[in-house]
Amino acid sequence: MSDVIGLVLPFFGMIFVGFVVARITRQPLEALGWMNIFIVYVALPALFFQLLAKTPFEQLTEWSFILGSLIATYAIFTLMFAWSVFVSRGGIAPATITALAAAYGNIGYMGPGLALLAFGEQAAVPVALIFCFENIVHFTVAPMMMALSGKEKAPALQLAFGVLKKIALHPFIIATALGVAAAYVEFRPPLPVDRFLDYLARAAAPCALFAMGVTLALRPLNRVPHELALIAGLKLIVHPLLCYVVLSWIGNFSPTWVFSAMLLAALPTATNVFVIAQQYDVWVQRASASVLITTCFSVVTVTALLYAIRHGILPADLFP
């Protein structure tokens, strides 16, 4: 157990440090702006590029792996959306945010750092593939569902262009594409550039986790959704287990790939869910509560998952 605690303590500890510092100093959330820009536009893109550029290109075209991950994620999304619409008599807009809270994990800020810490650099490719393709789908689904609900007032063509622009110009997507291109042509940057990128990449995880702790501390917890137990159960327990079953059923993937996908599926609700809720003024306070509370619960569930993986409780392939 000590080895697992050694993995998660620095990781969740950095979130806790950010939380405590934010509570003590009482700086406004806007003060975090430049750090967020550094994380999103510099540090994490450098990390993704470095990891992908050094990967054999044939490993970057595992379409069955990508499909399996998306099936698991959107099965959870569909289940939560249907429950919200038909059981709670909710509209499309709040049901969409509820479903995102149950299916959209914090794979950007938390995923790369924890997966690389737990499984080594072999986890870089599955993490990057899941991040890239799941975010493309999320960036598409959110505005499409809001358009169906009447919350998105833009014409269809303008909406489609906006979605494509958001996908094409996202720093993580650009870095991933450049990393794949570099792997294809076997490009290696000059040594000074390579060292500079490594320097930036090493800053990604601690800065992202600290910023996440600050964000959690400064967002109000005014309305806890009555759906929270279901959201937390689906996000932290059902999602990783479903991902495990689907990937074991679809193909013969390496244990590192399967367990990396499980770990990303087990992460708490992404802070982007709160951002989307704010953008459309739907379910805002409850989205904030979902992010905070699933993050707190994930300390236990992610630790338990890593313990099960590290001690052989979960076989590498459920259907050998």
Side-chain angles (χ1 to χ4, degrees), residues 36 39-40 44-45 48 63 65-82 84-85 92-112 115 126-149 151-152 154 159-177 208 212 215 231 234-236 238-240 242-243 246 260-261 263-284 286-288 290-291 294-295 298:
N36 280 328
I39 294 164
V40 173
L44 281 172
F48 281 124
W63 298 111
F65 176 81
I66 296 164
L67 179 64
S69 174
L70 288 174
I71 287 172
T73 297
Y74 277 87
I76 299 296
F77 179 94
T78 303
L79 181 63
M80 190 68 221
F81 182 86
S84 182
V85 169
I92 291 177
T96 298
I97 304 299
T98 309
L100 286 172
Y104 191 3
N106 211 324
I107 55 178
Y109 274 20
M110 297 179 71
V127 167
L129 290 176
I130 290 172
F131 176 84
C132 184
F133 284 93
E134 287 208 2
N135 271 302
I136 287 173
V137 176
H138 294 323
F139 292 161
T140 306
V141 165
M144 181 185 71
M145 298 301 289
M146 292 304 174
L148 290 174
S149 73
K151 285 284 182 181
E152 179 62 73
L159 179 63
F161 178 76
V163 169
L164 290 174
K165 183 178 177 182
K166 184 181 293 186
I167 293 169
L169 297 182
H170 193 286
F172 295 173
I173 305 297
I174 292 172
T176 300
M212 184 179 172
T215 303
I231 289 171
L234 287 173
K235 184 73 217 67
L236 303 177
V238 179
H239 190 185
L242 181 60
C243 186
V246 171
S260 295
L263 181 59
L264 264 63
L267 294 177
T269 302
T271 52
N272 272 352
V273 174
F274 172 77
V275 173
I276 294 169
Q278 266 194 324
Q279 179 182 352
Y280 294 103
D281 194 25
V282 176
W283 222 67
V284 177
R286 287 173 287 186
S288 177
S290 298
V291 174
T294 57
T295 300
S298 71

Correct closest heavy-atom pair for V238 and I76 would be CG1-CD1, 3.7 Å
Looking only at heavy atoms, which two atoms of V40 and P171 are closest? And how far apart? O-CB, 3.3 Å
Could I get the full list of side chain to side chain contact (heavy atoms under 4.5 Å, CB included) partners for P268, not counting sequence neighbours? M110, L236, T294, T295, S298
So, taking the atom named CG in L264 and the one named OG in S69, what distance separates them when rounded to the nearest 0.5 Å? 8.0 Å
With a 3.5 Å distance limit and no angle check, can you tell me whether S290 reaches the backbone of R286 through a side-chain donor-acceptor pair? yes
Is there a side chain to side chain contact (heavy atoms under 4.5 Å, CB included) between I174 and F48 once you walk through the steps? CA-CA 10 Å; I174 292 172; F48 281 124; over 6 Å; no
Nearest 0.5 Å, please: how far is CG in L242 from OG1 in T73? 8.5 Å
If we check side chain to side chain contact (heavy atoms under 4.5 Å, CB included) with L100, which of these qualifies: W283, F77, F274, F81? F77
Side chain to side chain contact (heavy atoms under 4.5 Å, CB included) for H138 and Y74? Distances and angles first, verdict last. CA-CA 10 Å; H138 294 323; Y74 277 87; 2.5 Å; yes
What heavy-atom pair brings V85 and A95 nearest, and what distance separates the two atoms? CG2-CB, 3.4 Å
Does P240 offer a backbone N or O that forms a donor-acceptor pair with the side chain of K235 under 3.5 Å? no
Shortest non-hydrogen contact between S84 and T98, atoms and distance: OG-OG1, 3.9 Å
How many angstroms lie between CG in L70 and CD1 in I136, if you round to the nearest 0.5 Å? 9.5 Å
Measure the OG1-CD1 distance between T96 and I276 for me, rounded to the nearest 0.5 Å. 10.0 Å
Supply the atom-to-atom distance I130 CD1 to L263 CG, rounded to the nearest 0.5 angstrom. 9.5 Å
Return the CZ to CH2 distance between F133 and W63, rounded to the nearest 0.5 Å. 4.0 Å
Excluding sequence neighbours, so at least two apart, what forms side chain to side chain contact (heavy atoms under 4.5 Å, CB included) with A277? I97, V284, A287
Could you tell me if Y109 and N272 have a donor-acceptor pair between their side chains, going purely by distance under 3.5 Å? no
